[in-house]
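These notes concern the structure reproduced below.
Chain letters run A, B, ... following the sequence lines, proteins first, then strands; residues in each count from 1.
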Amino acid sequence: MPELPEVETVRRGLSERIVGELVVSVEIRHGSILEDCTSDDLGGLAGFRFASVDRRGKYLLLRLELAKGKITLVVHLGMTGQLTWRAKGATVTDRFRKLVSGYRKSEGPHSIDAHTHMVVVCASGGELLFRDPRRFGRILLFEGWGDGNCRRLERLGPDAWRMDHGTLASILKERAGRRAVKTVLLDQGVVAGIGNIYADEACFQARIRPGRTLSGLSGLRIADLARAVDEVLEKGVRNAGTSFRDFVGADGSDGSNQEDLKVYGRGGSPCLVCGKSLRSASIAQRTTVWCSGCQT
DNA sequence: AATTCGCCCTGTCGGC
DNA sequence: TGCCGACAGGGCGAAT
């Protein structure tokens with residue numbers, strides 16, 4: 001569920017806290033989250049210093065360096081991943097309350113529980129924690145700061161964040177094939193960062209049915225879609241992400257974008273614009289919600 | 001070429 | 001109250 005706005009929120013929060021920190025040790029508590037690397041490889045990060053935190057699509061790229069070289073720690077949050085910073089002596093919570101309906105207050109730094117799979121201990125006494133109950137998240141490691149060394153990153157299209165509308169529109173048009181609008185938006189090889197929430201929200205905003213064939217849309221409609229994508233992502237970042245269930249920022253606090261969602265998770269409820277019951281169906285193997293009154 | 005399916009996972013929730 | 005099945009879904013690889 002963490003999509004571009006959520007990952008960007010984590011990136012910003014981590015960037016403020018972790019840059020300059022020196023790694024003392026790395027503990028991997030559940031190895032199944034590792035891809036193409038071992039616990040020992042991660043242990044080799046000791047002595048490296050965090051230099052910056054980047055993002056590509058839904059991937060976080062933690063750049064580390066040591067006199068002899070550079071390395072990138074890649075984190076994908078999957079569905080329920082949480083990457084948080086816990087400063088030395090910070091008051092922690094032992095509870096990981098789920099946000100289903102109603103709202104949850106910020107809970108602050110995490111404690112280490114059975115779902116905490118990685119602990120990076122730093123010289124300041126602070127710790128970087130990766131927690132992921134469903135374990136769809138992934139941690140990768142590669143030499144250098146270039147993305148060419150990582151097959152997953154090589155597959156990604158350009159990042160959707162603040163992309164020029166004209167550029168985004170032409171990319172969508174070029175890569176449309178005979179696929180549904182929603183399918184194209186979710187294809188990380190076309191444009192990276194959009195997931196189920198923001199795809200549905202963008203389609204609603206652009207008044208386009210997500211199941212329509214993208215190539216059948218006029219240039220103007222595709223331009224609407226590109227603008228809508230930009231707007232929903234921008235708002236998502238401004239709201240520090242959507243905390244529908246598990247998402248928290250790097251400081252353990254919730255975002256507020258769930259309060260602004262128009263269609264996601266609202267199937268069967270009345271459309272906030274026209275009052276018609278929102279429709280729900282599976283498109284591209286994802287639950288998709290739209291308004292048959294507002295979207296054509 | 002595009003689509004579908006199965007897989008990985010566990011917490012939550014509706015139904016009985 | 002308790003048990004059970006359905007569901008949530010990002011990304012990948014295999015099958016269709």
#### Entry: A:L77 CG to B:dC8 P, straight-line distance once rounded to whole Å
22 Å
### Query
Checking all strands, does A:T80 fall into the base, sugar-phosphate, or nothing category for heavy-atom contacts under 4.0 angstrom?
nothing
### Interatomic distance, A:R134 CZ vs B:dC7 C1' [rounded to whole Å]
15 Å
### Among B:dA2, C:dG13, C:dG9, the one nearest A:R155 by side-chain distance
C:dG13
### Query
How close or far is atom P of C:dG9 from atom OH of A:Y264, stated in whole angstroms?
4 Å
### Task
Salt-bridge test for A:R55 and A:D159: reply yes if a basic N is under 4.0 Å from a carboxylate O, no otherwise.
yes
### Whole angstrom value for the distance that separates P of C:dG11 from CG of A:L4
11 Å
### Task
To the nearest Å, give me how far apart CZ (A:R286) and P (B:dC5) are.
13 Å
### Query
Is there a donor-acceptor contact under 3.5 Å linking the side chains of A:H117 and A:D132?
no
### Task
To the nearest Å, give me how far apart CD1 (A:I33) and P (B:dC9) are.
12 Å
### Query
A:F136 stacking on C:dG11: centroids under 5.5 Å, ring planes under 30°?
no
### Summary
Among B:dT3, B:dT10, C:dG10, the one nearest any side-chain atom of A:H76 is C:dG10
### Pair A:D224 + A:R207: basic N to acidic O under 4.0 Å
no
### Query
CD of A:Q285 versus P of C:dG13: gap in Å, rounded?
17 Å
### Query
What nucleotide among B:dG11, C:dG11, C:dG13 has an atom nearest to a side-chain atom of A:H115?
B:dG11
### Task
Figure out the CD/P separation between A:Q82 and B:dT10, and round it to whole Å.
15 Å
### Task
Indicate, with a heavy-atom threshold strictly under 4.0 Å, whether A:R152 touches base, sugar-phosphate, or nothing.
sugar-phosphate
#### Entry: Euclidean distance, A:L77 CG relative to A:L60 CG, rounded to 0.5 Å
5.5 Å
### Distance-only polar pair, side chains of A:D251 and A:S253, donor-acceptor under 3.5 Å
yes
